[in-house]
Amino acid sequence: MAGAFWCVVEDDRSGRPKKVMSEVLGEATRLVGDAEAVWLTDKASDEGLKQLGEWGATKVWLLEHADLAPYRGEVWAPVLAELVERESPRAVLGPVTSRQREFLARAAARLGVGLAADCVGLALEGDRLIATRPVYAGKLLSRVAWAKSPWVATLRPNVFRPAEARAGRTAAVERPTVKLPVAQMKFVERRDEVSTGLPELTEAEIVLSGGRGMKGPENYVILEDMAAVIGAAVGASRAAVDAGWRPHRFQIGQTGRTISPKLYMGFGVSGAIQHLAGMRTSKVIVAVNKDPEAPIFKIADYGIVADLFEVVPHLTQEFKRLLEK
Ligand SMILES: Cc1cc2nc3c(=O)[nH]c(=O)nc-3n(C[C@H](O)[C@H](O)[C@H](O)COP(=O)(O)OP(=O)(O)OC[C@H]3O[C@@H](n4cnc5c(N)ncnc54)[C@H](O)[C@@H]3O)c2cc1C
């Protein structure tokens, strides 16, 4: 529908939208009363379409084609731009994920409109959409508006209230035809990352982060044990990643992932500005550090000045005891 708010689907590459889509759809619905989804995929599932309807999408624009996998910005951006030009939505919103960061930036550039990246707030003021986004590594919040529509924005996960899934609510499915450009980049090989069995870092409600104070890669097992008890993801500082202790996909911060969990717990993390840039919007921050002067204590809600190797096993035991009750 012309003038609609579109939510660009992030999926698990197996035909199911990710949980973060409930936040994007929830926010769009709160702003304008209803929302539509746009899904570029090589395989949608009935279950996935049902899920989008239950999260409040009134319509799903389904662009399903084998050549849309794997994701390539050079293919996806022209496809979305063509559809946007034809259907004239007022806004195009997506979650901040590694894929959509690039995809929506490319699409906005193609459409010749602005992109508000990494938004933590959206509000309609008269006939303008105002986006709030952190700048200067999260030290300031800026409010921005677009010179013209469509308003393209990416929304930080775990910040916006998710839509409540309502069983029985369904979305109309429209399968528009669009021209797929020929990709210059050729797919060579996909190597799946070894799953940790823990929630994904950017989506997790609880994140445990280990820094240089972990002393070595072998010690992350104590954080993984705690994570398994409380359903947390395990991340790391850049110092730990640079030392080769954790893969880069687990890095939190300016040059890593941005997270906004309900609870962040830092172990042996000093709290450098570049690390804070990736986690300072966490709702509750707990820091465990031997050094009472560590900068992380300045933004922590709770701090424990102690050796993490003594604290972590105690916390794990205590969580187990409480959760088993
Ligand atoms: C351009 C640029 C981009 C960057 N991007 C990022 C980024 O994305 N993410 C990021 O994290 N950093 C980033 N950095 C690096 C950042 O400046 C810091 O160097 C890094 O965050 C430090 O990591 P750390 O806190 O683990 O290590 P350290 O600063 O060395 O801190 C280790 C802490 O562990 C404590 N400790 C030691 N042993 C124990 C123990 N047994 N128990 C409890 N506490 C203990 C120490 O007291 C200390 O505070 C970037 C830097 C630059 C210049």
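We count ligands from 1, going down the list as the structure has it; atoms in each ligand are counted the same way.
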Review point. Which atoms of ligand 1 sit under 4.0 Å from any heavy atom of Gln254?
Key: 7 (C), 8 (O)
Review point. Relative to the heavy atoms of Ser237, which atoms of ligand 1 are at a distance of less than 4.0 Å?
Key: 11 (O), 23 (O), 24 (P), 26 (O)
Review point. Relative to the ring of Trp151, is the ring of Trp146 parallel (under 30°), tilted (30 to 60°) or perpendicular (over 60°)?
Key: tilted
Check your understanding: Are more than 12 heavy atoms from other residues, nucleotides or ligands located less than 6.0 Å from atom CZ of Arg86?
Key -> yes
Practice item. Could you tell me which atoms of ligand 1, counted from 1 in the order shown, lie closer than 4.0 angstrom to a heavy atom of Leu308? Key: 40 (C), 42 (N), 43 (C)
Exercise for review: Among all protein heavy atoms, pick out the one at the shortest distance from atom 31 (O) of ligand 1; state its residue, atom name and that distance to 0.1 Å.
Suggested key: Ser270 CB, 3.3 Å
Check your understanding: For atom 35 (C) of ligand 1, which candidate among Asn289, Val288, Asn219 provides the closest heavy atom?
Key -> Asn289
Exercise for review: Salt-bridge test for Arg143 and Glu125: reply yes if a basic N is under 4.0 Å from a carboxylate O, no otherwise.
Suggested key: yes
Review point. Counting only heavy atoms on the protein side, is anything nearer than 4.0 Å to atom 28 (P) of ligand 1?
Key: yes
Check your understanding: Does Met214 reach ligand 1, in the sense of a heavy atom lying below 4.0 Å from it?
Key -> no
Revision key, fill the gap. Near Val269 (heavy-atom distance under 4.0 Å), the atoms of ligand 1 are 25 (O)
Review point. Do the side chain of Asn158 and the main chain of Ala204 share a donor and acceptor less than 3.5 angstrom apart?
Key: yes
Exercise for review: Using the six-membered ring wherever Trp is involved, compare the ring planes of Trp61 and Trp6 and label them parallel, tilted or perpendicular (cut-offs 30° and 60°).
Suggested key: tilted
Check your understanding: Any donor and acceptor pair, going by atom type alone, linking the side chain of Thr258 with main-chain N or O of Gly278 inside 3.5 Å?
Key -> no
Practice item. With heavy atoms only and a cut-off of under 4.0 Å, state how Ala240 meets ligand 1: side chain, backbone, both or neither. Key: neither
Point to revise | Closest protein heavy atom (residue, atom, distance) for atom 22 (C) of ligand 1 | key: Ala239 CB, 3.9 Å
Revision key, fill the gap. Atom 52 (C) of ligand 1 sits nearest the protein heavy atom Gln274 NE2, 3.6 Å
Practice item. Determine whether Val311 and Tyr264 fall in the same hydrophobic cluster, where Ile, Leu, Val, Met, Phe, Trp and Tyr are linked whenever their side-chain heavy atoms lie under 4.5 Å apart. Key: no
**Study point:** Sub-3.5 Å N/O-N/O distance, Ile252 and ligand 1
**Key:** yes
Review point. Does ligand 1 have an atom that lies less than 4.0 angstrom from a heavy atom of Ala306?
Key: yes
Check your understanding: So which heavy atom in the protein is nearest atom 2 (C) of ligand 1, and how far is it from that ligand atom?
Key -> Arg238 NH1, 3.6 Å
Check your understanding: Going by the atom numbers of ligand 1, which of them fall below 4.0 Å from some non-hydrogen atom of Gly253?
Key -> 7 (C), 8 (O), 9 (N)
Check your understanding: Does ligand 1 have any atom that is closer than 4.0 Å to a heavy atom of Gly256?
Key -> yes
Practice item. Starting from atom 30 (O) of ligand 1, find the nearest protein heavy-atom neighbour and note its residue, name and distance. Key: Arg212 NE, 2.6 Å
Check your understanding: With hydrophobic residues grouped by side-chain heavy-atom distances under 4.5 Å, do Trp76 and Val9 end up in a single group?
Key -> no
Exercise for review: For Glu164, look at atom CD and say whether over 12 heavy atoms of other residues, nucleotides or ligands are found less than 6.0 Å away.
Suggested key: no
Review point. Can you tell which part of Ala272 has a heavy atom less than 4.0 Å from ligand 1: side chain, backbone, both or neither?
Key: side chain
Study note, to complete from the structure: atom 44 (N) of ligand 1 has as its nearest protein heavy atom Lys290 N, 3.1 Å
**Study point:** Close-contact set for ligand 1 against Gly268 heavy atoms, below 4.0 Å
**Key:** 26 (O), 32 (C), 33 (C), 34 (O), 35 (C), 44 (N), 45 (C)
Practice item. Distance to 0.1 Å, residue and atom name: give those for the protein heavy atom nearest to atom 37 (C) of ligand 1. Key: Gly213 CA, 3.5 Å
Check your understanding: Do other residues, nucleotides or ligands put more than 12 heavy atoms under 6.0 Å from Lys43 NZ?
Key -> yes
Point to revise | atom 41 (N) of ligand 1: nearest protein contact (heavy atom, Å) | key: Asp307 OD1, 3.1 Å
Review point. Has ligand 1 got any nitrogen or oxygen that is less than 3.5 angstrom from a nitrogen or oxygen of Phe309?
Key: no
Review point. Taking only heavy atoms of Lys215, which atoms of ligand 1 are found under 4.0 Å from at least one of them?
Key: 37 (C), 38 (N), 39 (C), 41 (N)
Check your understanding: With a 4.0 Å heavy-atom cut-off (strictly under), which part of Phe267 contacts ligand 1: side chain, backbone, both or neither?
Key -> neither
Revision key, fill the gap. Heavy atoms of Ala44 and Glu64 approach each other most closely as N-OE2, 2.9 Å
Exercise for review: Considering the heavy atoms of Gln251, write down every atom of ligand 1 situated less than 4.0 Å from one of them.
Suggested key: 6 (C), 7 (C), 8 (O), 9 (N)
Check your understanding: Can we say Glu27 and Arg30 salt-bridge, meaning some charged N sits less than 4.0 Å from an Asp/Glu carboxylate O?
Key -> yes
Check your understanding: Does atom NZ of Lys19 have more than 12 heavy-atom neighbours from other groups under 6.0 Å away?
Key -> yes
Review point. Are side-chain N/O atoms of Thr281 and Arg156 paired as donor and acceptor at under 3.5 Å?
Key: yes
Check your understanding: Backbone N or O of Gly211 within a donor-acceptor pair of the Ser237 side chain at under 3.5 Å?
Key -> no
